[in-house]
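Have a look at the structure below, then the notes.
Reckoned from all heavy atoms, side chains included, excluding hydrogens, waters and symmetry mates.
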Amino acid sequence: ETLRSYEPEKMVEDSCEDCLHTIEKHLQKAARPILLVGGGVHPASQKPLLAFARSHHIPIVTSLLGKSLLPHGDELNFGYLGTYGMRIANLLAGIKADLLVCIGISMCTRQTGVKVEQFAPHAQLIRIDVDPDALRRKVRSDDLCFAVDADQVIAGLGKLNIPDFSSWLSICLQCRAYLEEFDRTAPGREPNRIVEKIAALTTEGSAVASDVGQHMMWVGQSLAVKKGQRVLFSGGHGAMGYALPAAIGAYYHTGKPSFMIAGDGSFQMNIQELQWVVREHLPIKMFVLNNHVLGMIRFQQNDYFEGRYGGAARGFDYAPCDFVKVAQSYGIRSFQVTDPDELDRLQDEMRSPDPVLIEILLPDDTSAVPKTFLGKPIYNQRPYIPEEKLEWLINL
C-alpha cells in the first residue's frame, strides 16, 4: 500500500450527440463522402455500420486492422488504405473524397503517406477515437476531432437525416473496375493468387493470423474474409513472430481450427512454439510463404541502398531453414508446395484435427505490390498506372 503507483488522468469524453450532429451537418453538404473505419471499431458494430452505409450508398474504406469489419466482395467494401494498400482505397480516400468520417482509425503516416499535406487535399476530416492522445496528432489543422467511443457513434448514425450518394458510389465502382483489372494483369501478383487459394481452405468462424512482412500485405489485399472470421495482425507493434502465438491463442478463444500465414523470416522468430502445438495437439494449419529473403528489408535495400542485401537474402548472411523438415522433426504433418494449384488438393488436411504445416516456395525476388514510395502521394503506387489514366480516374 505504500508503493508509489501510477494514476492515469481520467479521460473526459466529448459529447456523442455533438459528434453525430457534426457528421450530419457535413454529410448534408458533402458530394463525395467516405466512411473510413479502423481496428478501433468492434466487430459487433458491423451490422449498424453497413445498414447506415447501404441506406445512403456511402463507400467504406478500412485500415488494415479493420479488414475483418466488412464482408469480402460487398459492393461498399473498397478495401484498406495505406502504403501497401488497395489502389481503389488510396484513390478514394487520398484524392477523390471531399469528406472523410474517420472512425476508430489512427491516421498514421503508413495510412496517409509521409507527406501528410498531400493526403486528401480536398476533404474535411472528422475524426472519432476513444483515446484523446490519438487525436492530438493532427492530419491537418482543421481536423474535427471527437474523443468518444466509436461504437456509440456508429449506433447513432441511423438516426441522421442525410442525402443519398448513389451517383458518387457509381463513380467509385467505375474506378474500382478499372483498377482491379489493372492489378489482375500487372506483373508480380502470383502471391496474391496463392493467398486467395489459402483463403478458400479456411473455415467460417475461424481466425487467420499473419505477422509482419510482405505476406501481411498479400493477406490484406487478397484474403477473402468468410462469415464470422477474424484476421489478426500485430498492427503498429510490427511484431515478426506474431502469427504462430496469435493462431494458438485464437484457437483457445474460438475452439475452432485456426490458420496462420507467415513468411520465412517471421516464422523463425517463434518457431519453437511448434513444441506447444504438438504437446497440446492443436488443430492449427500453418502456411509458410518462403522466398528465402526478408522481403520488405530486401525491397528497401534494393530501392534505396543499391542492392546491398546485408543480412536479408541468400548469399548475404541470411539462410532460412527447411521448414518441412523442422515440422516433421516435431511429428507434424508437413508438405512443400511449389505449384499454387497443389493447394487445391489439401482440403482433407484442412479438415483434419491434427496440426499441419505447408511450406510454399516462392522466387527470391517476390515483392508485395502495389506500393507507394517514400514521398509520393498515397494513391500513386508502383507499378504505376499510365499518367493519362490516373488523371482520368482523379477527375472522373
Side-chain angles (χ1 to χ4, degrees), residues 5-30 33-53 56 58-70 80-82 85 89 92-94 97-114 116-117 119-162 233-238 378:
S5 61
Y6 170 67
E7 289 291 336
E9 293 181 26
K10 188 174 181 180
M11 190 186 78
V12 179
E13 284 196 1
D14 292 324
S15 163
C16 186
E17 290 74 18
D18 289 347
C19 178
L20 288 167
H21 175 72
T22 300
I23 294 171
E24 181 179 54
K25 181 177 68 174
H26 282 83
L27 280 172
Q28 286 173 347
K29 60 184 182 182
I34 293 287
L35 297 178
L36 192 52
V37 297
V41 174
H42 194 277
S45 291
Q46 181 195 84
K47 190 173 180 180
L49 176 69
L50 276 173
F52 170 74
H56 302 285
I58 303 175
I60 305 175
V61 168
T62 73
S63 68
L64 181 61
L65 297 186
K67 177 180 171 65
S68 306
L69 288 170
L70 301 179
Y80 79 97
L81 86 164
L92 298 184
D98 65 359
L99 176 65
L100 296 177
V101 181
C102 312
I103 309 176
I105 181 170
S106 67
M107 303 306 292
C108 67
T109 54
R110 290 284 284 183
Q111 296 165 349
T112 64
V114 294
V116 182
E117 67 277 4
F119 178 75
H122 314 300
Q124 172 68 61
L125 274 67
I126 300 175
R127 296 178 57 199
I128 297 138
D129 199 295
V130 73
D131 180 7
D133 287 332
L135 300 172
R136 288 179 185 147
R137 176 180 37 79
K138 297 290 187 74
V139 177
R140 279 200 300 278
S141 59
D142 65 346
D143 290 354
L144 301 174
C145 297
F146 294 89
V148 65
D149 185 273
D151 300 298
Q152 288 183 23
V153 173
I154 291 172
L157 290 175
K159 302 173 184 177
L160 304 186
N161 178 26
I162 61 169
F233 300 106
S234 66
H237 299 294
I378 198 73

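A donor-acceptor pair under 3.5 Å links the side-chain atoms of Q124 to the main chain of D142, judged by distance alone. Of the possible donor and acceptor atoms, one in the side chain of S15 sits under 3.5 Å from a partner among the backbone N and O of D18. With H26 contributing its side chain and T22 its backbone, the two residues share a donor-acceptor pair below 3.5 Å. Here the side chain of D149 pairs a donor or acceptor atom with the backbone of D151 at under 3.5 angstrom.
In this structure, CG on L49 lies 6.5 Å from CD1 on I103, to the nearest 0.5 angstrom. To the nearest 0.5 Å, the span separating CG on D129 from CZ on R137 amounts to 9.5 Å. Atoms CG and CD1, from L50 and I60 in turn, are 5.0 Å apart once rounded to the nearest 0.5 Å. With rounding to the nearest 0.5 angstrom, the SG atom of C19 is 12.5 Å from the CZ atom of R127. The distance from the CD1 atom of I105 to the CD1 atom of I128 is 11.5 Å, given to the nearest 0.5 Å. Summarising the geometry, atom CD belonging to Q111 is positioned 9.0 Å from atom CD1 belonging to I378; distances are rounded to the nearest 0.5 Å.
Contact record, L100 with A93: CD1-O, 3.8 Å, taken as the closest heavy-atom pair. Here the closest non-hydrogen pair linking G235 and L65 is CA-CD2, 3.7 Å. S63 and G38 get closest at one heavy-atom pair: OG-CA, 3.3 Å. Annotation for L135 and A147: closest pair CD1-N, 3.6 Å, computed over non-hydrogen atoms. Of all heavy-atom pairs spanning A123 and A97, the tightest one is CB-O, 3.3 Å. Looking at every heavy atom in both residues, H42 comes nearest to L69 through O-CD2, 4.0 Å.
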What do the steps show when you test K138 against V116 for side chain to side chain contact (heavy atoms under 4.5 Å, CB included), and what is the final call? CA-CA 10 Å; K138 297 290 187 74; V116 182; over 6 Å; no

Apply the test side chain to side chain contact (heavy atoms under 4.5 Å, CB included) to residues I162 and I58: give CA-CA distance (whole Å), side-chain angles for both, the deciding distance (0.1 Å), then the verdict.
CA-CA 11 Å; I162 61 169; I58 303 175; 4.1 Å; yes

Report the C-alpha separation of F52 and L35 in whole Å, then their side-chain angles, then the decisive distance to 0.1 Å, and conclude whether the side chain to side chain contact (heavy atoms under 4.5 Å, CB included) test is met. CA-CA 10 Å; F52 170 74; L35 297 178; 4.0 Å; yes

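Considering T112, V61, L64 as possible partners of L81, the one that fulfils the side chain to side chain contact (heavy atoms under 4.5 Å, CB included) test is V61.
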